[in-house]
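In what follows, a single structure is set out as structure tokens and then discussed.
Everything numeric here is computed off the predicted structure, so don't read it as measured data. Below, all heavy atoms of this structure are taken into account, side chains as well, without hydrogens, waters or symmetry copies. By convention here, the first residue in the shown sequence is residue 1.
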Amino acid sequence: MSEDIINKVRDAGVVGAGGAGFPTHVKLNAKVKRVLVNGASCEPLLSSDLWLMKEYPELLMRGLNLVITCTEAERGTICIKNKHPEVIKILKKTAEKDQFKKIDVFELEDFYPAGDEHVLVYEVTGNVVPEGGIPLEVGVVVTNVESLINIARAVEDGQPVVERYLTVTGEVKNHLIVKVPIGTAIGEIIDMAGGVTIDNYKIVIGGPMMGTVTDDLSTPVTKTTSGVIVLPANHNVVAGKITDPDRILRLTQIACCQCMRCTDTCPRNLLGHALVPHMIMRNLRLGVTHKLMEDALICSECGICEKYACPMLVSPREVNKQIKAALMEKGHRRERKKDEFKPSFFMKVRRIPSKRLVQKLQLGAYDTHPDYSAQDSKVKKVDIPLQPHIGVPALPVVKPGDRVKKGDLIAQIPEKKLGAQVHASIDGIVSSIGETIAIKQEG
């Protein structure tokens, strides 16, 4: 039975919907004691997972049961912040049904980043995932809300992943949760929300802490796109994301005052990992080589140091990101420095309350938790990425001029490689193939 489930999930192209897009069929091959569902809706402003838990609790739990079956887990736990009592009540009532007897609900406190895999595992189980490691090392698999719904639909109905739920907010006329075909241009999504309400703006793809910034309205939605946030071009969330990387390095060397606030609030440091951001900043000032700053490789890039902690407005997160890229390009791997990890005595008092983070980011006006928009999709063209996930790009199995229907396989995983299947998200004709497969409706 497990093999059949895994094959259907693979064929449907299911990937982790809440992070880097790790192919889900690979994760289902693990054997663990517990499956955790990340329903923390951790990033400020994003609320599509919360809506899905409220509207599709049984579908969510059927997907979780499938993961429990494959991984031979003893339990599955849906993790949700305690500030959502209405949704918690729905989930707990659903979990009382006989078919969901292995499922329970865990209430998280309202802090950022409660949805970080390492933090989530510690909050629920009390175990620390080793630095540079994965939850599997402590007998846990973590999956996302929308991923579980996609698993259930893949196994029960053979539905491939061709659509994505996401939050649209910020400086748009209507704040919405929408479901759109994979490959839809973000400009069309903004139009669904009634258009932009200001002239000079930038668009954050994902959340304000870890998302990326663009002004390209043709940027396509992928399987991992969780939000589209329109912000003023001079907004503080935008500024740190578009600053020239070389300038960030120069500012760090000049302005870092070694106050240690980045280290004091770093979630990985609080878990006992050997990540000390202020020391990496010091080494940068001293001109130390990247190899001696390899602790940057265990940074989760959550953004607390950049967006919340640093009083000098420098970015340890961006510095760590650059160091990681340089080390990874050279094939450098960091050896684990210890085997036992003791969380900080100050962990709970140094958590970042979500409300305080929203205030710090000046996002209060957009924190509206919008409802779902049931408007019919009128998308006539999509550009479907061939690599919306960790691993290698999928190989096209269609060519320009081919007619395809929604759900048809258009690109497949290369043999013996890590990747995910890709399917047509609308009916139409393949118009071009490059890093994306473009499909246009006829007429």
Side-chain angles (χ1 to χ4, degrees), residues 1-40 48-49 52-53 56 59-73 76-79 102-103 115-117 120-121 129 134-137 139-166 179 182 221-226 384-394 407 409-423 425:
M1 182 178 180
S2 294
E3 185 177 352
D4 181 55
I5 294 170
I6 292 170
N7 287 337
K8 288 181 177 179
V9 170
R10 177 187 183 278
D11 291 344
V14 183
V15 301
F22 191 85
T24 301
H25 67 276
V26 177
K27 188 177 285 190
L28 295 187
N29 273 302
K31 303 304 175 194
V32 298
K33 291 183 178 181
R34 198 166 186 178
V35 179
L36 300 185
V37 182
N38 185 356
S48 59
D49 279 353
L52 288 169
M53 287 188 286
Y56 298 107
L59 188 62
L60 169 69
M61 293 188 191
R62 294 204 300 272
L64 179 52
N65 267 344
L66 291 166
V67 178
I68 291 172
T69 297
C70 289
T71 59
E72 300 178 7
T77 300
I78 300 172
C79 308
K102 288 188 175 182
I103 296 174
D116 174 89
E117 278 194 343
L120 190 69
V121 169
V129 178
I134 58 176
L136 183 61
E137 294 182 61
V140 176
V141 159
V142 180
T143 188
N144 175 266
V145 169
E146 191 163 345
S147 300
L148 288 178
I149 287 174
N150 289 336
I151 288 170
R153 288 172 172 165
V155 175
E156 296 174 0
D157 304 316
Q159 291 185 22
V161 180
V162 295
E163 294 170 321
R164 170 76 210 203
Y165 292 90
L166 51 86
K179 180 177 69 174
I182 303 296
V221 168
T222 73
K223 295 179 182 180
T224 62
T225 304
S226 53
I384 304 173
L386 292 173
Q387 192 176 9
H389 50 260
I390 285 179
V392 300
L409 181 70
I410 58 174
Q412 63 185 6
I413 307 168
E415 189 175 356
K416 297 181 180 180
K417 298 291 185 180
L418 179 68
Q421 309 282 64
V422 178
H423 302 80
S425 57

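Note that Arg62 lies outside the cation-pi zone of Tyr56, set by a 6.0 Å cut-off to the ring centre and a 45° limit from the axis.
Side-chain contact between Thr143 and Leu36: absent, with no pair of heavy atoms (C-beta onward) separated by less than 4.5 Å. Inter-residue side-chain proximity for Thr77 and Ile103 is flagged as unmet; no heavy-atom pair is nearer than 4.5 Å. The side-chain heavy atoms of His423 and Val161, taken from C-beta on, include no pair separated by under 4.5 Å. Considering only heavy atoms from C-beta on, Glu117 stays 4.5 Å or farther from Asn38 through its side chain. Counting heavy atoms from C-beta outward, Ser2 and Thr69 have side chains that approach closer than 4.5 Å. Arg34 places none of its side-chain heavy atoms less than 4.5 Å from the side chain of Thr71. Side-chain contact check for Ile68 versus Met61: every heavy-atom pair is 4.5 Å or farther apart. Between Asn144 and Val37, every side-chain heavy-atom pair lies at or beyond the 4.5 Å cut-off.
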Task: side-chain contact (heavy atoms from CB on, under 4.5 Å) evaluation trace for Tyr165 with Ile149 - done: CA-CA 11 Å; Tyr165 292 90; Ile149 287 174; 5.5 Å; no
*asked:* Set out, in order, the CA-CA distance, both residues' side-chain angles and the distance that settles side-chain contact (heavy atoms from CB on, under 4.5 Å) for Leu64 and Leu60, then state yes or no.
replied: CA-CA 6 Å; Leu64 179 52; Leu60 169 69; 5.8 Å; no
Requested in this report: Run the numbers on Val392 and Leu418 for side-chain contact (heavy atoms from CB on, under 4.5 Å), then give the verdict.
Outcome: CA-CA 6 Å; Val392 300; Leu418 179 68; 6.0 Å; no
Start with the C-alpha gap between Arg164 and Thr222, add the side-chain angles, then the distance that decides, and say whether side-chain hydrogen bond (donor to acceptor under 3.5 Å, both in side chains) holds. CA-CA 8 Å; Arg164 170 76 210 203; Thr222 73; over 6 Å; no
| message | Show, in sequence, the C-alpha distance, side-chain angles and deciding distance for Val14 and Glu146, and conclude whether the side-chain contact (heavy atoms from CB on, under 4.5 Å) test is met. | response | CA-CA 10 Å; Val14 183; Glu146 191 163 345; over 6 Å; no
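Across every non-hydrogen atom of Ala394 and Ala411, the tightest pair is CB-CB, 3.6 Å. In this structure, Val162 and Ser425 approach most closely via the heavy-atom pair O-CB, 3.2 Å. The two residues Cys79 and Leu120 have their closest heavy-atom pair at CB-CD1, 3.8 Å. Residues Gln421 and Lys223 approach most closely at O-NZ, 2.8 Å, considering heavy atoms. Between Ser48 and Ser226 the shortest heavy-atom distance is OG-O, 4.3 Å. Contact record, Ile6 with Cys70: CG1-SG, 4.0 Å, taken as the closest heavy-atom pair.
Summarising the geometry, atom CD1 belonging to Ile384 is positioned 4.0 Å from atom CD1 belonging to Ile410; distances are rounded to the nearest 0.5 Å. Atom CG of Asn29 and atom NZ of Lys27 lie 12.5 Å apart (nearest 0.5 Å). Note that the CG atom of Asn150 and the OG1 atom of Thr24 stand 8.0 Å from one another [nearest 0.5 Å]. To the nearest 0.5 Å, the span separating CZ on Arg153 from CG on Leu148 amounts to 12.0 Å.
Classification of Lys33 and Glu72 as a salt-bridged pair fails, no side-chain N sitting under 4.0 Å from a carboxylate O.
Using modelled atom types, one side-chain atom of Ser147 and one backbone atom of Val15 make a donor-acceptor pair closer than 3.5 Å.
The salt bridge (Lys or Arg N to Asp or Glu O under 4.0 Å) check on Asp4 picks up Lys8, with sequence neighbours excluded.
Summarising the local packing, NZ of Lys417 is surrounded by 12 or fewer heavy atoms from other residues, nucleotides or ligands at distances under 6.0 Å.
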